[in-house]
Amino acid sequence: MTLVGSHTRIMGQATATTPAPPAAARFDRGEHLPADYRPGRQIAQTLTIAAALAALGGALAARARPIDWLLMPVFFVVANFIEWMVHRNPMHRPLTPRIMYRNHAQLHHLAFTETNMPITVTPELGLVMMPWYTMLGLFLIASPILLLAGFLRGPGLAGIFLLAAVAYFLMYEALHALYHLPDATLDRAGIGRLRAFRRRQAHHRRHHVLGRMAHVNFNVTFPWMDWLFQTTEKPE
Ligand SMILES: [Zn+2]
Ligand SMILES: [Zn+2]
């Protein structure tokens, strides 16, 4: 997802191509970051919210029955669907309110195209990471599943879902940020040599082709729903 904003997509249009917005050619990343923006502050905000939600999840999960923990993998699949659905729709379609569309399709995707993926200075992470309000919005979108888990199995299972959702969100943010780091940085960290990482990064890079962004490769973490809904597209 995008940080100052978000992402979006659509099914059934995997063969259509939308003309690239001309604005991409003259996009200045620096113009779209507040002068006082500090990536460390945004990372701290994200981790603080995640820690608060995880603490709530942990307190609830302490009341879970052992068998409830077996549903943890199922919740990861559910999170993968939410990732695909939110990225394909509010992030890539101008649905009201348009904040996710503006931040993701009209900002993140113009700042980073498939031939221009890496950040050049650390503050550009502000155009990659999600702002705190988008993060809270995503947990709000997922909250009916939390309530359903609580209704069906009690607060313990709701807590397990919340823990899974926090872990999944942090994985999404970390992977997405890594996809947008320079190769030299990734190689220095030893991540650039990992073929599984490069495969996922290539999947996301293909999503950054402006004419394809609203149609394919909506999963940023594991491409499970892109496979299931046939929205996977390999690089040409
Ligand atoms: Zn996108
Ligand atoms: Zn991206």
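Both counts, for ligands and for their atoms, begin at 1 and track the order of listing. Excluded from the calculations below are hydrogen atoms, water molecules and symmetry mates; all remaining heavy atoms, backbone and side chain alike, are included. The residues of the chain are indexed from 1 along the displayed sequence.
- Put simply, the angle at the Zn ion (ligand 1) from NE2 in His109 to NE2 in His207 is close to 90°, to the nearest 10°.
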Side-chain donor-acceptor contacts of residues 141-151 below 3.5 Å, not counting sequence neighbours, with atom names and distances?
| unit_1 | atom_1 | unit_2 | atom_2 | d |
| --- | --- | --- | --- | --- |
| Ser143 | OG | Leu140 | O | 2.5 |

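- Scored by the side chain to side chain contact (heavy atoms under 4.5 Å, CB included) test, Leu186 finds Leu178, Leu181, Asp183, Ile191, Phe197, Arg198, Gln201 as partners (sequence neighbours excluded).
- Between the Zn ion (ligand 2) and the N, O or S atoms of His176, the shortest distance is to NE2.
- Atom CG of Leu107 sits about 11.0 Å away from atom CZ of Arg29, to the nearest 0.5 Å.
- In this structure, His204 contributes its side chain and Val220 its backbone to no donor-acceptor pair below 3.5 Å.
- Rounded to 10 degrees, the NE2-metal-NE2 angle spanning His208 and His204 at the Zn ion (ligand 2) equals 90°.
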